[in-house]
Amino acid sequence: MPDDITIRRATADDSKRLTRLVRASRAYQGDYAAMVAGYQVGGSYIEHHLVFVAVDASDRVLGFYALLVDEAELDLAFVADGAQGLGIGRLLMRHMTEQARAAGLHAVRVVSHPPSEEFYLRTGAVRTGTVPPTGHIHWDRPELRYDVA
């Protein structure tokens, strides 16, 4: 992993860059494109939730996550396509579990994009079930949990 990675709290000014990262993700092409079409990581969302971004020395966004404390749920987690395989996702999940623990949570729920399930399992989550299709999502999604207490 590059030495110059910093994880910082996202700000509303990061909204466009985070939105671009989500919409450009190779993991959401083909059948999964509907999940991110028109998706926006808005400034008010960033200000109201624990959203943290991994950046390099030039403040280039390498990945981010959003933890919804009230719901005890990991809502978003993305690593830029060009930054995958560098350990950034693992670093973000370790940071997320520390933030969850500091917020007094005992566990964090994840409803995963099916191709991402293996990543969550490799970083310490356990599978707890399946969420059936709803709305514009026409496939089952793995449900997982990070125990953080």
Side-chain angles (χ1 to χ4, degrees), residues 1 5-28 32-56 58-84 86-137 139-149:
M1 176 169 5
I5 306 297
T6 302
I7 297 179
R8 63 167 172 78
R9 185 82 185 254
T11 68
D13 290 342
D14 293 313
S15 173
K16 287 181 181 168
R17 294 192 299 164
L18 301 186
T19 296
R20 255 192 317 273
L21 193 157
V22 169
R23 290 185 186 175
S25 175
R26 282 192 312 252
Y28 286 88
Y32 298 121
M35 285 187 78
V36 296
Y39 194 86
Q40 186 167 344
V41 184
S44 62
Y45 176 91
I46 291 169
E47 291 174 350
H48 289 96
H49 299 292
L50 289 181
V51 181
F52 285 87
V53 59
V55 296
D56 65 12
S58 61
D59 203 42
R60 181 174 56 113
V61 172
L62 304 173
F64 77 99
Y65 74 85
L67 176 62
L68 309 183
V69 173
D70 291 344
E71 293 85 358
E73 184 166 348
L74 179 66
D75 189 38
L76 300 168
F78 282 84
V79 173
D81 290 342
Q84 291 185 8
L86 302 176
I88 292 164
R90 184 175 296 280
L91 185 67
L92 286 168
M93 291 305 96
R94 187 167 43 245
H95 190 273
M96 181 276 298
T97 57
E98 291 167 1
Q99 290 295 313
R101 191 175 303 112
L105 301 179
H106 297 287
V108 175
R109 178 180 186 239
V110 179
V111 177
S112 177
H113 175 49
S116 300
E117 179 181 14
E118 278 302 313
F119 164 77
Y120 291 116
L121 292 171
R122 282 194 319 269
T123 58
V126 294
R127 180 140 188 197
T128 57
T130 302
V131 175
T134 98
H136 65 278
I137 299 170
W139 52 87
D140 289 338
R141 292 174 292 159
E143 183 178 31
L144 304 106
R145 182 187 71 240
Y146 285 97
D147 291 314
V148 298

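Because only heavy atoms are used, hydrogens play no part in the values below, and waters and symmetry mates are left out as well, while side chains stay in.
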Report the distance from atom [atom1] of [X] to atom [atom2] of [Y], rounding to the nearest 0.5 Å.
X: His48; Y: Leu68; atom1: NE2; atom2: CG; result: 12.5 Å
X: Phe64; Y: Met96; atom1: CZ; atom2: CE; result: 13.5 Å
X: Leu74; Y: Leu50; atom1: CG; atom2: CG; result: 11.0 Å
X: Leu21; Y: Leu62; atom1: CG; atom2: CG; result: 9.0 Å
X: Ile137; Y: His113; atom1: CD1; atom2: NE2; result: 10.5 Å

Nearest heavy-atom pair of [X] and [Y]: which atoms, and what distance?
X: Ile88; Y: Ala54; value: CG2-CB, 3.9 Å
X: Val108; Y: Ala100; value: CG2-CB, 3.5 Å
X: Ser15; Y: Gly42; value: OG-CA, 3.7 Å
X: Tyr39; Y: Arg23; value: O-NE, 2.7 Å
X: Val148; Y: Ala107; value: CG2-N, 3.8 Å
X: Met93; Y: Ala77; value: CE-CB, 3.9 Å

For this session: Take Tyr45 and Leu18, measure what side-chain contact (heavy atoms from CB on, under 4.5 Å) needs, and give me the verdict at the end.
Result: CA-CA 11 Å; Tyr45 176 91; Leu18 301 186; over 6 Å; no

With side chains defined as the heavy atoms from C-beta onward, is the minimum distance between [X] and [Y] less than 4.5 Å?
X: Arg127; Y: Tyr120; answer: no
X: Asp59; Y: Arg17; answer: yes
X: Asp75; Y: His49; answer: no
X: Phe52; Y: Leu67; answer: no
X: Arg9; Y: Ile46; answer: no
X: Thr130; Y: Pro142; answer: no

Side-chain donor or acceptor of [X] paired with backbone N/O of [Y] under 3.5 Å:
X: His95; Y: Ile7; value: no
X: Arg90; Y: Thr123; value: no
X: Thr19; Y: Val41; value: yes
X: Ser116; Y: Ser112; value: no

For this session: Check step by step if side-chain contact (heavy atoms from CB on, under 4.5 Å) holds for Val79 and Phe119.
Result: CA-CA 11 Å; Val79 173; Phe119 164 77; 5.9 Å; no

Problem set entry | salt bridge (charged side-chain N to carboxylate O under 4.0 Å, His left out) partner of Arg8, chosen from Asp14, Asp56, Asp13 | Asp14

Seminar exercise, completed: Applying salt bridge (Lys or Arg N to Asp or Glu O under 4.0 Å) to Glu143 and not counting sequence neighbours gives Arg109

